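Residue numbering restarts at 1 for every chain, and letters A, B, ... go by the order of the sequence lines. Being a predicted model, the structure only gives us computed values, none of them experimental.
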Number of protein chains: 2
Amino acid sequence: MLKLTKRTEYGLIALVHLADQAAAAPEGTLAEVVSARAIGDQFPIPRRLLAESLKALQAGGLVDSTRGSQGGYRLARAAESISLGEIVTVLEGAPSLTSCAGLGAASAGGGCDVEPVCPIRSPLARLRSGIWALLEGVSLQALADRSVNPVALFSAAS
Amino acid sequence: MLKLTKRTEYGLIALVHLADQAAAAPEGTLAEVVSARAIGDQFPIPRRLLAESLKALQAGGLVDSTRGSQGGYRLARAAESISLGEIVTVLEGAPSLTSCAGLGAASAGGGCDVEPVCPIRSPLARLRSGIWALLEGVSLQALADRSVNPVALFSAAS
DNA sequence: TGAATCAGCACCAGTTTAGTGCTATTTCGT
DNA sequence: ACGAAATAGCACTAAACTGGTGCTGATTCA
């Protein structure tokens, strides 16, 4: 199914929220941490699942967490440096692009070493590779910027 | 999961094959029909499922079918006029990105008839909308053209 | 007639998804 | 010290989806 899971949706909601928070922080200072509860209260979504997504984002190193009372989350890096592809990878695992697996940069060594332009590559692999490249090209920053329209989101990326 | 189902993969394989067939046909003539068996014999995939995909494509009006011995399938329209979005819609159902559904401050039942540029649209809806627009912009023709690289497949579309 | 081929249902096992329960641990405020 | 707030971790369930198959019927060509 060519669609994002709820887990990813909630995670994105949270990330956009955290990006807003970071943008609102005074120059050069760290943004205040935001609790899962605080984020959840602003959207009609199961708070608990939102928390699950945040946990996953923490495990994936996209956000930093502070425990205890007054604890919460904060972006671990600048919103411009977090790509959509990375977010999706963290939240729903590396996409299983079948054989010739792992396109893009990551793909650990094994097999198909003629990576760049493998002529045997099926249209499917090319398609997925294209979609993936797009996701890698869109930053959280762009996503959080509400002035950009959906299509420009991508076409501007290339 | 941001990935295509096998059903869609097989369908795409078949469509690309049919597009090749159409391209090989003499100017102005209809391409010969190709049976599911004939297509399946060329790929290491379960023949039966390929047939299922073809059936779905027929039901969706993307291919014409001829029954009986010597029967088979043929593109119902020119490959340039069949978009990837349409193919995916036929093979795995309409994506739920429609109608401001899902979340976003304004989701509520009613209407959101200001569809074009709804300012309240959530980042998620915008994201899906963007992905969708991309798929709509890629034609089967482009997909079948093996000389185009994966990334150009999309960036050229905008 | 008979074989090839598409069409329509209906079924099953395995995986994924969404969502919840419960407990432990850390930290702040009093 | 204590309790509340909050993250961390594990485990579990019900529903949906996926991949794949079985079977029967209808249509067409030879």
All side-chain contact (heavy atoms from CB on, under 4.5 Å) counterparts of R37(A), not counting sequence neighbours: S35(A), D41(A), R47(A)

Salt bridge (charged side-chain N to carboxylate O under 4.0 Å, His left out): pairs with one or both residues in residues 69-79 of chain A, sequence neighbours excluded: R77(A)-E86(A)

Range on DNA chain D touched by chain B - first to last nucleotide, heavy-atom distance under 4.0 Å: dT18(D) to dC29(D)

Atom-to-atom span, CG of L91(A) to P of dT17(C) - whole angstrom: 12 Å

Length of the line joining K3(A):NZ and dT17(C):C1', which is rounded to integer Å: 9 Å

side-chain contact (heavy atoms from CB on, under 4.5 Å) partners for E80(B), two or more places apart: A78(B), Q141(B)

Which atom of Q58(A) lies closest to which atom of Y73(A), heavy atoms considered: CB-CE2, 4.4 Å

Sequence-distant partners of D64(A), side-chain contact (heavy atoms from CB on, under 4.5 Å), two or more places apart: A76(A)

Results of salt bridge (charged side-chain N to carboxylate O under 4.0 Å, His left out) for R48(B) - residues two or more places apart only: E52(B)

Contact letters for nucleotides 1-13 of chain C, in which S counts primed atoms plus P, OP1 and OP2 and B counts the base, heavy atoms under 4.0 Å: ---BBBBBB----

Partners meeting side-chain contact (heavy atoms from CB on, under 4.5 Å) with S69(B) (sequence neighbours left out): none

For residues 18-33 of chain B, which side-chain donor-acceptor pairs fall under 3.5 Å, sequence neighbours excluded?
| from | atom 1 | to | atom 2 | distance (Å) |
| --- | --- | --- | --- | --- |
| D20(B) | OD2 | R146(B) | NH2 | 3.4 |
| T29(B) | OG1 | P26(B) | O | 2.7 |

